[in-house]
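The structure appears right after this line, and notes come after that.
Indexing begins at 1, ligand by ligand and atom by atom, following the structure's order.
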Amino acid sequence: MFRLVHRLGVVLVCSWLLLGAGSSLAQEAPQRIGIIGAGNIGAPLARLWVEAGHEVMISSRHPERLQPLADELGERAKVGTPREAAAFGEVILLAVPYAATPQVGRDYATELAGKVLLDAGNPRPGRDGPMAEEAVEMGAGLASQQFLPGVRLVRAFNAIAAYNLRSQAHRQGEKLAIPLAADDQAALEVAARLVTDAGFDPVIVGPLSSAKSFDFNSGVSARMPTARELRELLDL
Ligand SMILES: NC(=O)c1ccc[n+]([C@@H]2O[C@H](COP(=O)([O-])OP(=O)(O)OC[C@H]3O[C@@H](n4cnc5c(N)ncnc54)[C@H](OP(=O)(O)O)[C@@H]3O)[C@@H](O)[C@H]2O)c1
């Protein structure tokens, strides 16, 4: 009798592992995220993703300066150069001053080819010069795709202020929204999951051309909308 109950128990546990926990583990497999630009935007996201169980490589042109942050984040965080982060990541976060975007696209094209890249950069003519004026005119989604050919580009985390990334992640009640835009459905799903893991609500706005509706000068970031408010605001 004891043996029968024991066997039944083993069968039930195995079925649960295969059907239930197994499938959720597959969905929640950690990602390797290469972070190019670990400043006001990249550093808090590195922390939130490490806390969610992902592995990150934070990068700098002076990598030794990031070692204290990596030490603080623990064994799931490494430090590298931008090229090393581009090679390390299955997914890339690009959070550099917008004027650096064309150089990143040129210099790391081989490492970035075919990868999902979350682009948080905002063209700001006052900081980035004439290239940013053209990008504002075109909309940052379409402009970035020109600068980063060959990546699966998603506009993400460009419409949230850095202090809200730090202070509002995983807040109680309705979370702050992160608008997303891309031409690649599977890339959007990867981005949406990383937004959720960082403690915010993803809102898929549409193709890259629609990213203009939440560019810096749209004022979306300043309004700090929840997902419901953002859908209303953008008529989604
Ligand atoms: N701050 C915000 O509230 C906010 C909100 C939404 C979007 N954004 C946008 O996000 C982007 C990043 O903003 P941020 O405030 O995080 O800037 P930041 O604090 O100045 O950090 C940018 C990082 O980019 C790195 N970097 C600069 N040039 C580079 C290059 N050529 N190659 C590789 N790395 C380079 C710098 O690292 P090293 O010098 O160590 O290499 C620096 O740590 C900007 O486009 C900004 O408009 C900012």
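Listed by atom number, the atoms of ligand 1 under 4.0 Å from Tyr98 heavy atoms are 45 (O). Taking every non-hydrogen atom of Phe157 and a distance limit under 4.0 Å, the qualifying atoms of ligand 1 come out as 6 (C). With ligand atoms numbered from 1 in the order given, ligand 1 contributes 3 (O) to contacts under 4.0 Å with heavy atoms of Ala161.
Using a 4.0 Å cut-off between charged nitrogen and carboxylate oxygen, Arg228 and Glu174 count as a salt-bridge pair. No salt bridge links Glu84 with Lys78; every basic N to acidic carboxylate O contact stays at or beyond 4.0 Å. A salt bridge does not link Lys115 with Glu90: none of the charged nitrogens is closer than 4.0 Å to a carboxylate oxygen.
Applying the 6.0 Å contact sphere to CZ of Arg223 captures no more than 12 heavy atoms from other residues, nucleotides or ligands. At most 12 non-hydrogen atoms from other residues, nucleotides or ligands lie less than 6.0 angstrom from CD of Glu75.
Protein heavy atom in closest approach to atom 5 (C) of ligand 1: Ile160 O, 3.1 Å. Among protein heavy atoms, the minimum distance from atom 33 (C) of ligand 1 is reached at Pro82 CG, 3.6 Å. Scanning the protein for heavy atoms near atom 3 (O) of ligand 1, the closest one is Ala162 N, 2.9 Å. Gly37 CA, 3.7 Å is the protein heavy atom nearest to atom 23 (C) of ligand 1. For atom 13 (O) of ligand 1, the nearest protein heavy atom (residue, atom name, distance) is Ile41 CG1, 4.2 Å. Residue, atom and distance of the protein heavy atom nearest to atom 22 (C) of ligand 1 are Ala95 O, 3.6 Å.
Using a non-hydrogen distance threshold of 4.0 Å, Phe216 does not register as a contact of ligand 1. Contact annotation: Leu165 has no heavy atom less than 4.0 Å from any atom of ligand 1.
A donor and an acceptor atom, one from each side chain of Gln103 and Arg106, are nowhere located under 3.5 Å apart.
Atom 40 (O) of ligand 1 is flagged as protein-proximal [any protein heavy atom, distance under 4.0 Å].
Counting heavy atoms under 4.0 Å from ligand 1, residue Ser60 touches it through both backbone and side chain. Heavy atoms from both the backbone and the side chain of Val96 come within less than 4.0 Å of ligand 1. Under 4.0 angstrom from ligand 1, there are no non-hydrogen atoms of Tyr163.
The N/O atoms of Asn122, backbone and side chain alike, include one that comes under 3.5 Å of an N/O atom in ligand 1. Checking only distances, Gln103 does come within under 3.5 Å of ligand 1, N or O to N or O. Between Arg61 and ligand 1, at least one pair of N/O atoms sits closer than 3.5 Å. Residue-to-ligand polar distances place Arg127 within reach of ligand 1: an N/O pair is separated by less than 3.5 Å.
Geometrically, Arg124 engages Phe216 in a cation-pi contact, judged by NZ or CZ lying under 6.0 Å from the ring centre and within 45° of the ring axis. Geometrically, Arg32 engages Phe88 in a cation-pi contact, judged by NZ or CZ lying under 6.0 Å from the ring centre and within 45° of the ring axis.
With a 4.5 Å cut-off on side-chain heavy atoms, Val203 and Ile178 do not count as touching. With a 4.5 Å cut-off on side-chain heavy atoms, Trp49 and Arg76 do not count as touching.
In the candidate list Ala140, Ala120, Ser221, Gly39, Ala120 is nearest to atom 10 (O) of ligand 1, counting heavy atoms. Closest heavy-atom approach to atom 18 (P) of ligand 1 within the set Asn40, Leu93, Ile36: this belongs to Asn40.
Under a 3.5 Å cut-off, the side chain of Ser59 and the backbone N or O of Ile35 do form a donor-acceptor pair. Asn158 places a side-chain N or O within donor-acceptor distance of the main-chain N or O of Phe214, the cut-off being under 3.5 Å.
Between Ser144 and Leu153 the shortest heavy-atom distance is CB-CD2, 3.7 Å.
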